[in-house]
Amino acid sequence: MSGICEGRTVVVTGAGRGLGRAHALAFAAEGAHVVVNDLGVGLDGAPDADSPAAQVVAEIRAAGGEAVAHGGDIATTEGANSLITTALETYGRLDTLVNNAGFLRDRMLVNLDEDDWDAVMRVHLKGHFLPLKQAAAYWRAEAKAGRMPVARVVNTSSGAGLLGSVGQGNYSAAKAGIVGLTLVAAAEFARYGVQVNAIAPAARTRMTEQAFAQTMAAPGSGFDAMAPENVSPLVVWLGSAGSEGVSGRVFEVEGGRITVMEGWRVGPSTDKGERWTPKEAGETARKLLEEAGTPGQVYGA
Ligand SMILES: NC(=O)c1ccc[n+]([C@@H]2O[C@H](COP(=O)([O-])OP(=O)(O)OC[C@H]3O[C@@H](n4cnc5c(N)ncnc54)[C@H](O)[C@@H]3O)[C@@H](O)[C@H]2O)c1
């Protein structure tokens with residue numbers, strides 16, 4: 001297949017369903033060879049019987065594309081390493097990594113168990129870090145061997161990570177962490193030809209089917225604004241050579257809308273040149289807050 005990713009090998013984690021599946025199909029349609037990873041777990045991360053990665057590979061091949069399945073857990077060193085090895089052994093190269101796999105364990109903070117905290121941190125943060133580290137080791141070796149990569153990483157944050165979301169303290173913290181990881185990886189890997197960006201998507205998947213049951217389509221337009229397929233075109237472009245010069249950025253993507261998110265930046269500031277008393281510090285903080293912009297509202301607040 002020809003397209004903007006022709007000749008590239010792309011790994012997508014959690015690509016057996018939802019957004020990851022849509023990304024994998026979209027990359028294949030643009031000519032990429034795709035490694036479709038999915039452990040096949042339930043909505044809360046509990047083991048599940050089906051093998052969704054193999055089904056997506058079959059769909060890609062039926063459409064004339066090229067793909068291979070990987071069923072490992074990306075939040076383990078063994079799973080992450082074998083994922084990258086699958087790309088290299090099957091297609092001889094790796095060009096793009098899309099970190100997407102994840103699940104939810106939503107509770108109000110006072111009711112949140114340690115296990116639910118750990119499981120969500122593990123799948124999102126460790127599940128981004130380990131494949132990223134392994135892919136970057138390959139790209140660094142390529143760069144050192146004189147073959148400068150045109151490599152791309154697309155990480156998956158969330159509006160919950162950018163603004164916060166009531167009932168999702170663990171998930172919001174993990175998804176905010178993914179933004180920090182994206183910024184550092186973009187800075188560290190630039191010298192190896194690797195660009196790293198993040199998306200904060202919104203789409204109707206099993207994860208959000210209750211929240212997004214209504215399609216929000218303009219009446220009669222036939223456009224399903226909450227279809228996961230709407231998110232994938234930007235991911236494919238970010239994962240292509242054509243996104244040259246774009247790194248360390250976060251995009252919200254939903255329906256037909258693409259938004260550049262502008263994150264923490266230095267705001268109003270005062271330097272006394274010596275230590276404040278607590279009373280003075282409070283008065284100064286209040287004055288600075290009057291000059292500062294209003295933060296976005298926490299989802300569900
Ligand atoms: N759907 C949305 O509106 C939305 C909004 C913001 C962020 N996200 C994020 O987008 C990503 C995809 O979510 P989705 O809505 O498509 O959910 P989904 O449940 O449909 O798909 C996630 C997939 O990840 C797989 N997975 C889970 N743990 C894994 C592991 N350890 N190793 C390999 N695969 C694993 C699951 O089996 C599942 O197929 C997630 O990171 C999610 O947090 C989704």
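In this chain, residues are counted from 1 in sequence order. Treat the numbers as computed from the prediction; the structure is a model and nothing was measured. Remember, it's 1-based here, ligands and their atoms both numbered in the order they're listed. What's counted below: heavy atoms across the whole structure, side chains too, no hydrogens, waters or symmetry copies.
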CZ (Arg249) with more than 12 external heavy atoms under 6.0 Å:
no

Which pairs with one or both residues in residues 282-301 pass side-chain hydrogen bond (donor to acceptor under 3.5 Å, both in side chains), sequence neighbours excluded?
Lys279-Glu283

Once you round to the nearest 0.5 Å, how far does CD of Gln134 lie from CG of Leu130?
9.0 Å

Listed once per pair and sorted, the side-chain hydrogen bond (donor to acceptor under 3.5 Å, both in side chains) pairs that draw on residues 162-171, sequence neighbours left out
Asp106-Gln168, Ser165-Gln168

Run through ligand 1 for me and note each protein residue having a heavy atom under 4.0 Å from it, chain first, then residue number.
Gly14, Arg17, Gly18, Leu19, Asn37, Asp38, Leu39, Gly40, Val41, Gly72, Asp73, Ile74, Asn100, Ala101, Gly102, Phe103, Val123, His124, Thr156, Ser157, Ser158, Tyr171, Lys175, Pro201, Ala202, Ala203, Thr205, Arg206, Met207, Thr208, Phe212

Return yes if a side-chain donor-acceptor contact under 3.5 Å exists between Asn100 and Thr13, otherwise no.
no

Any ring pair (Phe, Tyr, Trp, His ring centres under 6.0 Å) pairs touching residues 62-116, not counting sequence neighbours?
His33-Tyr91

